[in-house]
Amino acid sequence: MLYDIEKRVQMVCKLFVSLSMQTNINISLDTRRKRADGTCPIIFRLGHHRRTVPIPSGFFVPPKFWNENTREIKKAYEGVSSATRLNNLLAKKKADLMDGITALEEVGRLDELTITELKNVLTKPSDSVCFFKYTEKIIDELVEAKRFGNSRAYKSALGALKNFYKKDTLRFEEVTHAFLKRFETAHLKKGNSVNGLSTYMRTIRAIYNRGIKEGVISQNRYPFKHYKIRTVSTAKRAISKEKIRKILDLEFELDSPLFHTRNYFLCSYLMNGMSFIDMAFLKVDNIIDGRIQYSRKKTSKPYNISVTDQLSSILKFYLKGKKKRDFIFPIIRRDNPQGQYYDVQWERKRYNKRLKEIADLCGIEDKLTSYVSRHSMATNLILNDVPINVLSKMMGHADLQTTEIYIKDLPINIMDEYQERLTL
């Protein structure tokens, strides 16, 4: 039996060396962690990308009974019923670990894993991992990284799953294709939207993909292989320049909440459709030599926008008496990052509510929201024959496909204006 195991290890080792010179497994005695009884743990030393981590074997032996040359327990050791049998078990475990590494190499996953992820893949049993607890761990990490928007999306999906499943524990392998279909049916039966379901499903898929990468669940169990996430196209949120001028022409007292609402909308439009959260975090020192330079919160992509005369006339009001590190707009009031995020969320809700009042005052039947300024900017530039590649750069998109989302369903009035050009 020992000969067969040794032969297997040798064969795996030869194959493994040919596949990846950066990853290996060795059996060793960790003499740095001697126990009170004088024994030291036998470990599998995993090496990957020039780093090493120990994988416990669960066995211990006094240093004097360890053969460092052969990396085996000496036969004279009487602390176990059979030293030979224990050496066979260690050799088999090493062979199993090597098999796992080779399998990862064969499917092209080995190089993409960190050493911690590789250790998890090789050692962590999937049935011990709760999907709920795993998601809670991700949420904690997102909060720690100050990615409060993402943490909120994960909390929302987790809440929907818990409300549906009605149990304290949901194991990864229970999240099957059939489970997803039942969740979908329950969600839509309540009258909820398809796009809301899509948001939940994309989050669940992201969690599952991370679980696969970290080795808590096998790729073979992937439930999204045949489950298609559906979305429904929504009506374009864009209004014409004429309607935007009506908003511009509104007059309010300086202490009126609608005064700021009108200004936020116009500034967003004039700053290439800047998002509400990015406006909230703009500081005075983001304005350099007549340009606004900032990084978008959502993508970290840098922007560089010219301050036009029309934009400057609005910003002057907010810049008065401000220091370089002050926020330009009176949206954020707290100092800590999480509190600032909540300030933005609360103010955006009030902003959207007041935009409805603005629409009523201007006789605009379209639904005004914080997204309308961005879509309107894109649509009005298209109408003025701005090339799509230029529009894409102005909007900070990584590729033209993202920009095309904004123009694939142009509002009917824009289509009518293009049709007017056919008149002879």
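Predicted model, so just to flag it, every value in this text is computed and none were measured. Heavy-atom basis, side chains included; hydrogens, waters and symmetry copies ignored. Start at 1 with the first residue, then count along the sequence.
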Undergrad: Does the pair D360/K356 count as a salt bridge with the N-to-O cut at 4.0 Å?
TA: no
Undergrad: One thing to verify: whether R32 and D30 come together as a salt bridge, which I'm taking to mean a side-chain N less than 4.0 angstrom from a carboxylate O.
TA: yes
Undergrad: Salt bridge check: are K283 and D326 linked by an N-O gap of less than 4.0 Å?
TA: no
Undergrad: Tell me whether the count of non-hydrogen atoms from other residues, nucleotides or ligands lying under 6.0 Å of CD in E365 goes above 12.
TA: no
Undergrad: Verify the neighbour count for atom NZ of K74: are there more than 12 heavy atoms of other residues, nucleotides or ligands below 6.0 Å?
TA: yes
Undergrad: Does a salt bridge link R230 with E184, judged by any charged N lying under 4.0 Å from a carboxylate O?
TA: yes
Undergrad: What I want to find out is whether R35 reaches D37 closely enough, with some N-O distance under 4.0 Å, to be called a salt bridge.
TA: yes
Undergrad: Applying ring-ring contact (aromatic ring centres under 6.0 Å, His included) between F65 and each of F60, F59, Y77, report the one that passes.
TA: Y77
Undergrad: Heavy-atom count check: over 12 atoms from other residues, nucleotides or ligands less than 6.0 Å from E68 CD?
TA: yes
Undergrad: Taking NZ, NE, NH1 and NH2 as the nitrogens, is one of them in E357 or R262 under 4.0 Å from a carboxylate oxygen of the other?
TA: no
Undergrad: For atom CZ of F132, decide whether the heavy atoms of other residues, nucleotides or ligands shown that lie under 6.0 angstrom number more than 12.
TA: yes
Undergrad: Would you give the length of the straight line joining atom CZ of R348 to atom CD1 of I277, rounded to the nearest 0.5 angstrom?
TA: 6.0 Å
Undergrad: Parallel, tilted or perpendicular: which fits the ring planes of Y227 and H177, with parallel below 30° and perpendicular above 60°?
TA: perpendicular
Undergrad: Rounded to the nearest 0.5 Å, how far does CG of N272 lie from CD1 of I305?
TA: 4.5 Å
Undergrad: Angle between ring planes, F276 versus Y264, binned at 30° and 60°: parallel, tilted or perpendicular?
TA: perpendicular
Undergrad: Between R333 and D343, is the closest basic N to carboxylate O distance under 4.0 Å?
TA: no
Undergrad: Is the distance from the ring center of F281 to that of Y294 below 6.0 Å?
TA: no
Undergrad: Ring centroid separation for F179 and Y165, is it under 6.0 angstrom?
TA: yes
Undergrad: So that I can tick it off, tell me whether K167 and E174 are bridged by a salt bridge, with the cut-off set at under 4.0 angstrom between side-chain N and carboxylate O.
TA: no
Undergrad: Does N352 use its side chain to pair, donor to acceptor, with the backbone of S370 at less than 3.5 Å?
TA: yes
